[in-house]
Enquirer: 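I have a structure I would like to understand better, so I am pasting it below and will then ask my questions one at a time.
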Amino acid sequence: MAPRHVTRDQLAGAARAALGGGRRLEVVERLTGGTTKGVYRLTMDDATTAIAYLWNEAENYWPATDWDGDLANPFSPGRGLDLYETVHARLDALGLRVPIVYLTDRDRTHYPADIAIVEDFPGDDLEERFVKDPRAVESTMDRLREALETMRVYRAPTYGKIAHIDRGGTPRGSSCEGVVLEFALRCVGQAAERDPRVAKARDRLEERLRELAAAVQPRTEYSVVHGELGLGHVMVDRDGVPVLIDVEEMMYFDVEWEHAFMRNILGDDYPQVAVPDLDEDRLALYTLAEHISLTAGPLRLLDGDYPNRAFMQRIIEYNLGQALLLAQAQP
């Protein structure tokens, strides 16, 4: 569904409650890139800024699925203020930098949807800064690697969405590799319905996934995993400290899931944030699974009215190419 137009008057009360001090909301600017929630920069009449998150279905571009909201499934879509607050608390307890929360409103006193108003970090995200001048962000990259190590060494009681497990929930499935295999096979089926190249290679993709899953040895160590931690999901504060954003769907999971994604996104620059002692068998399975996911997900997104369609098509073409290449690799 296309996002509705959010006006200054609609957010004025929330902005006043969050930032106070006699300030008045001057400008509301919708930021690009979000697919599950509205993200707006609020600028007050004294130039103070903050970010408003709106968990409104009108801001969600994803077509509905039968598994939406099934938090016991680590890979089901999970959205909302409750998830954000639970994960935010976990990251804060680990000493990781997250935006300060100024206001939360699940009673819809200020707006007809769950809303949070949080700290803003004006300027480029870490990805944009890195592209412009890698040397200028060396310290921030070092700190990000330290944060990733903190996430890696944490041990959770089981795998699953942080917001589900920290509330005493039990995950579906019996292992990380098992739920990844199930997820990836489902993604193959979804992609095959939308792209004839996937349909043609479906048997081999499924076969290769099962081969890679069979090689993975059992493990019961679960780290903190963002899941989509490209540098575009990292802001930078005034002291050069990396700040994690888009955290609602973070999981306790195999650390290799995180690093398969980061290795794919960062390419030759990945060693700057690499952590030691990763399991190569898990990396192999998760790398193929993520390429398939990053084919199927954007294809589903294009079923709707997501505006930046050329960008999504580029993601599809790259990841489909990588998946088909990996599917041909010999076990």
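We're numbering straight along the sequence, starting at 1.
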Enquirer: With a 4.5 Å limit on heavy-atom distance, are the side chains of Arg129 and Thr140 in contact?
Expert: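 SC-SC contact between Arg129 and Thr140 ruled out.
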
Enquirer: Minimum heavy-atom separation for Val179 to Pro74, with atom names?
Expert: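 Minimum heavy-atom separation between Val179 and Pro74: CG2-CG, 4.4 Å.
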
Enquirer: If we count only N and O atoms by modelled type, under 3.5 Å, do the side chains of Asp46 and Thr48 hold a donor and an acceptor together?
Expert: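 Indeed, the side chains of Asp46 and Thr48 share at least one donor-acceptor pair under 3.5 Å.
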
Enquirer: Return the minimal non-hydrogen interatomic distance between Ala163 and Val87, and the atom names on each side.
Expert: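 Minimum heavy-atom contact is N-CG2, 4.3 Å.
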
Enquirer: Using modelled atom types only, decide if a donor and an acceptor are shared between the side chain of His88 and the backbone of Pro99 within a distance under 3.5 Å.
Expert: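 Yes, because the side chain of His88 sits within donor-acceptor range (under 3.5 Å) of the backbone of Pro99.
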
Enquirer: Side chains of Leu231 and Leu144: closer than 4.5 Å at any heavy-atom pair?
Expert: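 The answer is yes; the side chains approach within 4.5 Å.
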
Enquirer: What are the two closest heavy atoms between Leu19 and Tyr102, and how far apart are they?
Expert: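 It is CD2-CD1, 3.8 Å.
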
Enquirer: Check salt bridge (charged side-chain N to carboxylate O under 4.0 Å, His left out) between Glu127 and all other residues, then give those that pass, not counting sequence neighbours.
Expert: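 Residues passing salt bridge (charged side-chain N to carboxylate O under 4.0 Å, His left out) with Glu127: none at all.
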
Enquirer: Do Glu146 and Arg143 sit within salt-bridge range, that is, some charged N less than 4.0 Å from a carboxylate O?
Expert: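 Looking at Arg143 together with Glu146, the answer is no, because their closest N to O distance does not fall below 4.0 Å.
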
Enquirer: Could you pull out the closest heavy-atom pair between Asn319 and Thr295, with the gap in Å?
Expert: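 Closest heavy-atom pair between Asn319 and Thr295: C-OG1, 3.5 Å.
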
Enquirer: Looking at side-chain heavy atoms only, is the closest gap between Thr43 and Asp120 below 4.5 Å?
Expert: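 Answer no - side chains too far apart.
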
Enquirer: Assess whether atom CD of Glu182 is packed by more than 12 heavy atoms of other residues, nucleotides or ligands within 6.0 Å.
Expert: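 Open.
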
Enquirer: Provide the closest heavy-atom pair for Leu103 versus His110 in the form atom of the first, atom of the second, distance.
Expert: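 Residues Leu103 and His110, closest heavy atoms: CD2-CD2, 4.3 Å.
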
Enquirer: Is there side-chain contact between Lys161 and Ser76, with heavy atoms separated by less than 4.5 Å?
Expert: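 The answer is yes; the side chains approach within 4.5 Å.
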
Enquirer: More than 12 heavy atoms of other residues, nucleotides or ligands under 6.0 Å from OH of Tyr270: is that the case?
Expert: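 Result for OH/Tyr270: enclosed.
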
Enquirer: Are side-chain heavy atoms of Arg24 and Arg16 found at a separation under 4.5 Å?
Expert: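 No. Closest side-chain heavy atoms not under 4.5 Å.
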
Enquirer: With no hydrogens and no angle check, just 3.5 Å: does a side-chain donor-acceptor pair link Tyr286 and His259?
Expert: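 No, no side-chain donor-acceptor contact under 3.5 Å.
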
Enquirer: Can you name the closest pair of heavy atoms from Ala192 and Val198 and give their distance?
Expert: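 The pair with the smallest heavy-atom distance is N-CG1, 3.6 Å.
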
Enquirer: Do Val27 and Ile115 sit in the same hydrophobic cluster, where Ile, Leu, Val, Met, Phe, Trp and Tyr count as joined when their side-chain heavy atoms come under 4.5 Å apart?
Expert: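 Val27 does not cluster with Ile115.
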
Enquirer: Looking at Arg79 and Glu248, does any basic side-chain N land under 4.0 Å from a carboxylate oxygen?
Expert: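 Not counted as a salt bridge, because no side-chain N and carboxylate O are separated by less than 4.0 Å.
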
Enquirer: Hey, any chance Val243 and Leu31 share a hydrophobic cluster, counting ILVMFWY side chains that come within less than 4.5 Å of each other, even indirectly?
Expert: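 Yes, Val243 connects to Leu31 through the hydrophobic network.
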
Enquirer: Same hydrophobic cluster for Val224 and Val153, using side-chain heavy-atom links shorter than 4.5 Å among ILVMFWY?
Expert: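 Different hydrophobic clusters.
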
Enquirer: Charged N to carboxylate O below 4.0 Å: is that the case for Arg263 and Glu290?
Expert: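 Between Glu290 and Arg263 there is no salt bridge, as every charged N stays at least 4.0 Å from the carboxylate O atoms.
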
Enquirer: Side chains of Leu294 and Phe261: closer than 4.5 Å at any heavy-atom pair?
Expert: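 Answer yes - side chains close enough.
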
Enquirer: Kindly determine whether Val225 and Asp254 satisfy side-chain contact (heavy atoms from CB on, under 4.5 Å), including the steps that lead there.
Expert: CA-CA 8 Å; Val225 170; Asp254 281 336; over 6 Å; no

Enquirer: Just so I know, are the side chains of Asp125 and Ile245 near enough to count as touching, which here means a heavy-atom distance under 4.5 Å?
Expert: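 Sidechains of Ile245 and Asp125: no contact.
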
Enquirer: Would you confirm whether the ring centroid of Trp257 sits within less than 6.0 angstrom of the ring centroid of Tyr159?
Expert: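 Distance test on ring centres: not under 6.0 Å, no.
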
Enquirer: Could you walk me through whether Glu119 and Met235 pass the side-chain contact (heavy atoms from CB on, under 4.5 Å) test, one step at a time?
Expert: CA-CA 11 Å; Glu119 183 180 8; Met235 303 305 295; over 6 Å; no

Enquirer: CZ of Arg108: more than 12 outside heavy atoms within 6.0 angstrom?
Expert: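 Yes, CZ of Arg108 has more than 12 neighbouring heavy atoms, counting only those of other groups under 6.0 Å.
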
Enquirer: Considering only NZ, NE, NH1 and NH2 on the basic side and carboxylate oxygens on the acidic side, decide whether Arg210 and Glu207 come within less than 4.0 Å.
Expert: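 Looking at Arg210 and Glu207, the cut-off is not met.
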
Enquirer: When clusters are formed by joining ILVMFWY residues with side-chain heavy atoms under 4.5 Å apart, either directly or through shared neighbours, do Leu209 and Leu324 land in the same one?
Expert: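 As far as the 4.5 Å side-chain criterion goes, Leu324 and Leu209 are connected within one cluster.
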
Enquirer: Below 4.0 angstrom, N of the basic side chain to O of the carboxylate: do Asp303 and Arg194 qualify?
Expert: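 Yes, charged N to carboxylate O under 4.0 Å.
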
Enquirer: Following the transitive rule for hydrophobic clusters with a side-chain heavy-atom cut-off under 4.5 Å over Ile, Leu, Val, Met, Phe, Trp and Tyr, establish whether Val241 and Phe121 coincide in one cluster.
Expert: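 As far as the 4.5 Å side-chain criterion goes, Phe121 and Val241 are not connected within one cluster.
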
Enquirer: Any ion pair linking Glu211 and Arg204 (charged N to carboxylate O, less than 4.0 Å)?
Expert: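 Counted as a salt bridge, because a side-chain N and a carboxylate O are separated by less than 4.0 Å.
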
Enquirer: So Val234 and Leu229, do their side chains get closer than 4.5 Å, heavy atoms only?
Expert: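 They are in contact (side-chain heavy atoms under 4.5 Å apart), so the answer is yes.
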
Enquirer: Go through the steps for Glu317 and Arg314 under the test salt bridge (charged side-chain N to carboxylate O under 4.0 Å, His left out), then give the verdict.
Expert: CA-CA 5 Å; Glu317 293 304 316; Arg314 289 195 297 272; over 6 Å; no

Enquirer: To the nearest 0.5 Å, how far apart are CE in Met312 and CD1 in Ile315?
Expert: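 It comes to 4.5 Å.
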
Enquirer: Donor-acceptor check, side chain of Asp195 to backbone of Ala191, threshold 3.5 angstrom: yes or no?
Expert: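 No; zero donor-acceptor contacts below 3.5 Å.
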
